[in-house]
A.B. asks: 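Dropping the structure in here first, questions after.
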2 protein chains.
Amino acid sequence: MARPREFEMESAMEGAMTIFWRQGFRATNLPELLDAMGLTRGSFYKAFEDKESVYLGALDRYDEIVITQTLEKLQGSDAPTASACLEQIFLPSATSKCGCFICNAMVELGPDNPKVAAKTKAMAARLKSGIVRVLEHHGIGETPQRRDELGDVVLHLYFGHQAVGKSGAADKDWGATLKRILGESD
Amino acid sequence: MARPREFEMESAMEGAMTIFWRQGFRATNLPELLDAMGLTRGSFYKAFEDKESVYLGALDRYDEIVITQTLEKLQGSDAPTASACLEQIFLPSATSKCGCFICNAMVELGPDNPKVAAKTKAMAARLKSGIVRVLEHHGIGETPQRRDELGDVVLHLYFGHQAVGKSGAADKDWGATLKRILGESD
DNA sequence: TGTGTTAGGAACTAATCGGTTCCGAACTAT
DNA sequence: ATAGTTCGGAACCGATTAGTTCCTAACACA
């Protein structure tokens with residue numbers, strides 16, 4: 001029964017996600033964050049607690065949007081092999097200079113912020129389970145333990161790839177490598 | 001022909017390396033940096049240009065000290081297999097909460113600071129060549145291309161492992177996994 | 001021993017940080 | 001229409017940021 005807010009909560013959170021993803025927490029100051037979210041200080045502190053809580057919310061949005069899309073892409077893929085399917089998440093087009101928000105958050109705030117540490121661990125686990133599901137679907141790995149192990153390998157390879165990509169490393173072709181690691185050839 | 005400096009340049013740079021390694025560039029403010037280096041503002045700005053140049057110097061020290069030690073450990077190891085040798089750099093004792101300074105720097109400053117990007121890429125290349133040498137020594141990989149590829153796998157696995165470790169992930173045993181990836185069994 | 005140079009440290013500076021306060025305008029509900 | 005509520009925005013706040021200035025004391029060299 002009062003004046004309704006003028007900004008869209010969802011698009012504001014997506015703006016926050018984008019800027020925190022690209023720049024990190026500390027490197028993003030309030031004016032930049034406000035600009036990315038499309039609102040002013042007043043509206044910001046009316047609607048949110050502080051910068052950190054928005055960062056945590058941005059991680060949630062990343063989980064809901066980017067990770068979910070990634071899982072759907074993996075699950076819905078009609079690639080003939082597991083490596084061809086998983087290769088998608090290693091493609092330069094899917095990588096950019098922003099890296100992976102999960103990995104970025106782990107590195108920047110993991111040791112100091114328990115909430116970030118817990119959230120990123122959960123998100124990584126979700127991503128891993130999606131990878132393992134791909135392996136199952138293509139009949140890779142004899143046992144659940146083996147599939148879990150290969151899932152860890154692909155996940156950690158992915159994080160390493162994203163981290164290195166932030167320094168603009170060469171676009172390595174991971175397709176053939178994944179193929180060998182998963183034992184699809186050779 | 002004047003008063004000599006009282007502090008040890010080497011120990012000061014090691015202090016800088018330690019704090020930047022643990023906390024990153026932005027999260028380390030000047031008082032903390034000065035404390036870690038054991039000197040005051042006056043001495044600091046007499047001897048160094050600014051915070052960034054000390055950070056770059058800290059990366060160099062990391063290359064000279066930590067990476068060199070790592071390469072020596074890998075080269076001087078009498079482990080019976082390549083996986084047993086390489087497993088050393090994945091051990092929890094070698095991991096800590098600081099992660100890998102190379103990986104941390106890539107993630108925090110890689111996209112924004114060309115000097116950091118170039119330095120970290122060179123350091124990563126040095127580390128990778130050490131890994132490849134281990135593979136050669138143990139006769140892993142049929143061709144140089146194949147060894148190079150496996151070196152990339154181990155390197156990226158290492159970075160991913162270090163990144164995840166900063167959020168306090170479980171201490172996965174990489175020994176058995178490395179063994180399988182390198183084709184030493186199964 | 002005297003002179004020139006520089007290290008070390010305290011005090012200072014301008015800019016920026018995240019966060020708060022306050023007020024007018026806009027909207028809902030009656 | 002009007003009363004009540006809350007949004008959006010400008011101005012403001014103390015704390016903290018990296019970096020500078022200046023003075024004193026310590027040292028090397030002649």
Side-chain angles (χ1 to χ4, degrees), chain A residues 1-61 104-105 108-109 112-116, chain B residues 1-61 104-105 108-109 112-116:
Chain A
M1 55 171 173
R3 181 178 171 185
R5 65 164 55 102
E6 290 176 10
F7 69 91
E8 299 283 338
M9 178 62 84
E10 293 200 354
S11 71
M13 285 308 300
E14 283 183 34
M17 179 191 80
T18 302
I19 193 102
F20 278 136
W21 181 6
R22 183 167 57 226
Q23 305 191 348
F25 180 74
R26 275 179 233 265
T28 303
N29 60 22
L30 218 35
E32 285 175 314
L33 178 59
L34 296 174
D35 188 57
M37 298 178 76
L39 40 83
T40 62
R41 266 182 152 76
S43 316
F44 180 88
Y45 282 103
K46 284 270 160 51
F48 307 100
E49 191 183 343
D50 55 13
K51 190 184 167 191
E52 185 194 321
S53 74
V54 173
Y55 182 84
L56 292 169
L59 276 176
D60 287 334
R61 291 301 292 169
N104 298 352
E108 184 185 3
L109 299 172
D112 306 317
N113 191 319
K115 291 180 189 172
V116 171
Chain B
M1 56 172 174
R3 180 178 172 186
R5 66 164 52 103
E6 292 175 9
F7 69 91
E8 299 283 340
M9 178 62 84
E10 293 200 355
S11 71
M13 284 308 300
E14 284 184 34
M17 177 192 82
T18 302
I19 193 101
F20 278 136
W21 181 5
R22 182 168 56 225
Q23 304 192 347
F25 180 74
R26 276 179 232 265
T28 302
N29 59 23
L30 218 37
E32 285 175 314
L33 178 58
L34 297 174
D35 189 57
M37 298 178 77
L39 40 82
T40 62
R41 266 180 152 78
S43 317
F44 180 88
Y45 281 103
K46 284 269 160 52
F48 307 100
E49 192 183 343
D50 56 12
K51 190 184 166 189
E52 184 193 323
S53 73
V54 173
Y55 182 85
L56 292 169
L59 276 176
D60 287 333
R61 292 300 293 168
N104 297 353
E108 185 185 3
L109 300 172
D112 307 316
N113 190 319
K115 291 181 189 172
V116 171

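All chains are named by letter (A, B, ...) in the order of the sequence lines, taking the proteins before the strands, and each is independently numbered beginning at 1. Given the structure is predicted, the values throughout are model-derived calculations rather than measurements.
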A.B. asks: Tell me the interatomic distance from A/Leu39, atom CG, to D/dG9, atom P, rounded to whole angstroms.
C.D. replies: 9 Å

A.B. asks: Using every non-hydrogen atom in the two residues, find where B/Gly57 and B/Met13 come nearest and quote the distance to one decimal.
C.D. replies: C-CE, 3.3 Å

A.B. asks: Scan for salt bridge (charged side-chain N to carboxylate O under 4.0 Å, His left out) pairs involving residues 10-25 of chain A, sequence neighbours excluded, and state none if there are none.
C.D. replies: A/Glu14-A/Arg61

A.B. asks: According to side-chain hydrogen bond (donor to acceptor under 3.5 Å, both in side chains), who are the partners of B/Thr28, at least two apart in sequence or on a separate chain?
C.D. replies: B/Gln23

A.B. asks: In whole Å, what is the span from the CZ atom of A/Arg5 to the P atom of C/dT28?
C.D. replies: 14 Å

A.B. asks: Could you go through nucleotides 21-23 of chain D and list every protein N or O atom that sits under 3.5 Å from one of its N or O atoms, giving the distance for each pair?
C.D. replies:
none

A.B. asks: Write down the atom of B/Arg5, the atom of B/Ala47, and the distance for their closest heavy-atom approach.
C.D. replies: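 What the structure gives for the nearest pair is NH2-CB, 3.8 Å.
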
A.B. asks: The criterion is side-chain hydrogen bond (donor to acceptor under 3.5 Å, both in side chains); which residues satisfy it with A/Glu32, sequence neighbours excluded?
C.D. replies: none

A.B. asks: Tell me the closest heavy-atom pair linking A/Val116 and A/Ala105, and the distance in Å.
C.D. replies: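 Smallest interatomic distance, heavy atoms only, reads CG1-O, 3.8 Å.
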
A.B. asks: Here's a test for you: under side chain to side chain contact (heavy atoms under 4.5 Å, CB included), which of A/Asp50, A/Leu109, A/Asn113 qualifies with A/Tyr55?
C.D. replies: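 Between A/Tyr55 and the candidates, side chain to side chain contact (heavy atoms under 4.5 Å, CB included) is satisfied uniquely by A/Leu109.
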
A.B. asks: According to salt bridge (Lys or Arg N to Asp or Glu O under 4.0 Å), who are the partners of B/Glu8, at least two apart in sequence or on a separate chain?
C.D. replies: none

A.B. asks: Under 3.5 Å, which donor-acceptor pairs link side chains of residues 37-44 of chain B to any protein atom two or more places apart or in another chain?
C.D. replies:
| from | atom 1 | to | atom 2 | distance (Å) |
| --- | --- | --- | --- | --- |
| B/Thr40 | OG1 | B/Ser43 | OG | 3.4 |

A.B. asks: Using a 4.0 Å cut-off on heavy atoms, which residues in residues 6-17 of chain A reach DNA chain C? List them by number, or say none.
C.D. replies: none

A.B. asks: For DNA chain D, find the residues of residues 49-60 of chain A with a heavy-atom distance under 4.0 Å and give them by number; none if there aren't any.
C.D. replies: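 Result for residues 49-60 of chain A: none.
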
A.B. asks: Decide yes or no for B/Glu108 and B/Phe20: does some side-chain heavy atom of the first lie under 4.5 Å from some side-chain heavy atom of the second?
C.D. replies: no

A.B. asks: Just jot down the side-chain hydrogen bond (donor to acceptor under 3.5 Å, both in side chains) partners of A/Asp60, sequence neighbours excluded, or say none.
C.D. replies: A/Lys119

A.B. asks: Restricting to salt bridge (Lys or Arg N to Asp or Glu O under 4.0 Å), what partner residues turn up for A/Glu6, sequence neighbours left out?
C.D. replies: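 Salt bridge (Lys or Arg N to Asp or Glu O under 4.0 Å) list for A/Glu6, sorted by chain: A/Arg3.
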
A.B. asks: With the threshold set at under 4.0 Å for non-hydrogen atoms, list the residues of residues 23-36 of chain B touching DNA chain D in residue-number order.
C.D. replies: B/Thr28, B/Asn29, B/Leu30

A.B. asks: Got a sec, which residues hit salt bridge (Lys or Arg N to Asp or Glu O under 4.0 Å) with B/Asp112, two or more places apart in sequence or on another chain?
C.D. replies: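 For B/Asp112, no residue satisfies salt bridge (Lys or Arg N to Asp or Glu O under 4.0 Å) once neighbours in sequence are set aside.
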
